[in-house]
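Take a look at the structure set out below.
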Amino acid sequence: MTATVKYDEVQVGQQIPAADYNVRRLDLVMYAGASGDFNQIHWNERFAKAVGLPDVIAHGMFTMAQGGRFVTDWAGDPGAVVDYGVRFSSMVVVPDDDQGATITVSGVIEEKLEDKRVVVALTARSGDARVLSRARAVVRLA
């Protein structure tokens with residue numbers, strides 16, 4: 001695959017429209033199975049509260065993956081992402097209801113590099129909390 005976004009068509013400061021990613025308890029159980037991270041804070045409300053959390057929380061790597069998903073959906077090719085990193089700044093609390101939580105991710109072209117690469121700065125929020133900070137992806141465009 002090749003990125004569908006063209007390097008010559010993006011500008012520094014250009015906004016990438018936000019996308020919402022819903023997180024339900026079922027998603028966390030499936031992620032636990034895929035990742036092997038069965039820590040009870042990600043699925044057992046009683047345990048999570050006993051260790052001082054407000055409720056079950058999403059895996060940090062699950063949250064990070066939603067940022068990566070945002071970038072690959074925008075670029076049109078998962079292989080176009082050549083570097084990606086974040087810092088975790090807050091938890092995604094996932095209530096036990098039909099709605100769960102929502103992670104909203106948006107981006108901005110922060111810098112244009114040589115070799116048709118761009119730096120995308122990401123913002124990820126859940127409710128009023130910024131859940132990822134210093135989130136950046138380097139993407140090779142068409």
Side-chain angles (χ1 to χ4, degrees), residues 1-45 47-49 51-142:
M1 293 179 67
T2 302
T4 56
V5 178
K6 301 202 179 338
Y7 180 82
D8 294 334
E9 295 176 0
V10 299
Q11 303 300 322
V12 171
Q14 179 178 330
Q15 300 288 322
I16 302 170
D20 289 337
Y21 302 99
N22 293 324
V23 186
R24 295 168 296 134
R25 297 270 177 100
L26 175 60
D27 299 312
L28 301 181
V29 170
M30 291 189 300
Y31 184 82
S35 69
D37 181 353
F38 291 99
N39 188 317
Q40 291 186 62
I41 63 173
H42 302 305
W43 58 269
N44 183 325
E45 183 174 334
F47 182 84
K49 289 182 176 181
V51 298
L53 296 170
D55 208 329
V56 164
I57 61 170
H59 303 74
M61 296 304 286
F62 177 91
T63 304
M64 181 179 180
Q66 301 318 302
R69 178 180 173 191
F70 173 81
V71 173
T72 60
D73 286 351
W74 169 74
D77 176 10
V81 178
V82 297
D83 190 38
Y84 177 51
V86 307
R87 294 217 179 183
F88 303 106
S89 52
S90 190
M91 300 172 285
V92 176
V93 178
V94 183
D96 187 17
D97 59 23
D98 293 335
Q99 286 75 43
T102 301
I103 300 170
T104 301
V105 184
S106 61
V108 62
I109 306 299
E110 186 174 74
E111 185 178 357
K112 290 182 83 169
L113 307 170
E114 58 187 41
D115 198 24
K116 295 188 176 184
R117 295 173 303 138
V118 296
V119 177
V120 178
L122 303 172
T123 300
R125 302 187 75 76
S126 182
D128 293 332
R130 185 172 185 162
V131 295
L132 299 177
S133 62
R134 298 178 64 183
R136 302 280 183 284
V138 177
V139 184
R140 185 176 333 274
L141 301 178

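The structure displayed is predicted, hence computed values, not measured ones.
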Using 0.5 Å steps for rounding, measure from the CG atom of Asp115 to the CG atom of Leu141.
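Here the interatomic distance stands at 10.5 Å.
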Calculate, to the nearest 0.5 Å, the distance between atoms CZ and CD1 belonging to Phe47 and Ile41 respectively.
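Going from CZ on Phe47 over to CD1 on Ile41, the span is 7.5 Å.
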Check: [Y] and [X] side chains under 4.5 Å, non-hydrogen atoms:
X      : Y      : result
Val86  : Arg134 : no
Arg25  : Glu45  : yes
Tyr84  : Val120 : no
Ile103 : Thr63  : yes
Val71  : Val139 : yes
Met61  : Asp37  : no

Show your working on side-chain hydrogen bond (donor to acceptor under 3.5 Å, both in side chains) between Thr104 and Asp20 and close with a plain yes or no.
CA-CA 4 Å; Thr104 301; Asp20 289 337; 2.6 Å; yes
Under 3.5 Å, side-chain donor or acceptor atoms of residues 89-96 against the rest of the protein: list the pairs with distances, not counting sequence neighbours.
from  : atom 1 : to     : atom 2 : distance (Å)
Ser89 : OG     : Arg130 : O      : 2.7
Ser89 : OG     : Leu132 : N      : 3.4

Check step by step if side chain to side chain contact (heavy atoms under 4.5 Å, CB included) holds for Arg69 and Tyr21.
CA-CA 10 Å; Arg69 178 180 173 191; Tyr21 302 99; 3.3 Å; yes
So, for Gly67 and Val105, which heavy atoms are closest and what is the spacing to 0.1 Å?
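Result for this residue pair: CA-CG1, 4.3 Å.
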Taking all non-hydrogen atoms of both residues, which atom of Ala3 and which atom of Arg140 are closest, and how far apart?
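So the minimum-distance heavy-atom pair works out to CB-O, 3.6 Å.
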Would you check, one step at a time, whether the test side-chain hydrogen bond (donor to acceptor under 3.5 Å, both in side chains) holds for Asn22 with Thr102?
CA-CA 4 Å; Asn22 293 324; Thr102 301; 3.2 Å; yes
Tell me whether the rings of Tyr31 and Phe62 are parallel (<30°), tilted (30 to 60°) or perpendicular (>60°).
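It falls in the perpendicular class, over 60°.
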Check for a donor-acceptor pair, side chain of [X] on one end and backbone N or O of [Y] on the other, with a separation under 3.5 Å.
X      : Y      : result
Asp73  : Phe70  : no
Ser126 : Val131 : no
Trp43  : Val56  : no

Validation: residues 6-19 side-chain donor-acceptor distances under 3.5 Å, sequence neighbours left out:
from  : atom 1 : to     : atom 2 : distance (Å)
Tyr7  : OH     : Leu113 : O      : 2.7
Gln14 : OE1    : Gln11  : N      : 3.0

Note: Arg117-Glu111 ion pair, threshold 4.0 Å (strictly below)
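Looking at Arg117 and Glu111, the cut-off is not met.
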Does Lys112 have more than 12 heavy atoms from other residues, nucleotides or ligands lying within 6.0 Å of its NZ?
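Correct, the count exceeds 12.
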What do the steps show when you test Thr4 against Trp74 for side chain to side chain contact (heavy atoms under 4.5 Å, CB included), and what is the final call?
CA-CA 8 Å; Thr4 56; Trp74 169 74; over 6 Å; no
Under the criterion side chain to side chain contact (heavy atoms under 4.5 Å, CB included), I'd like the reasoning laid out for Leu28 against Val23: C-alpha separation, chi angles, the key distance, then a yes or no.
CA-CA 7 Å; Leu28 301 181; Val23 186; 3.8 Å; yes
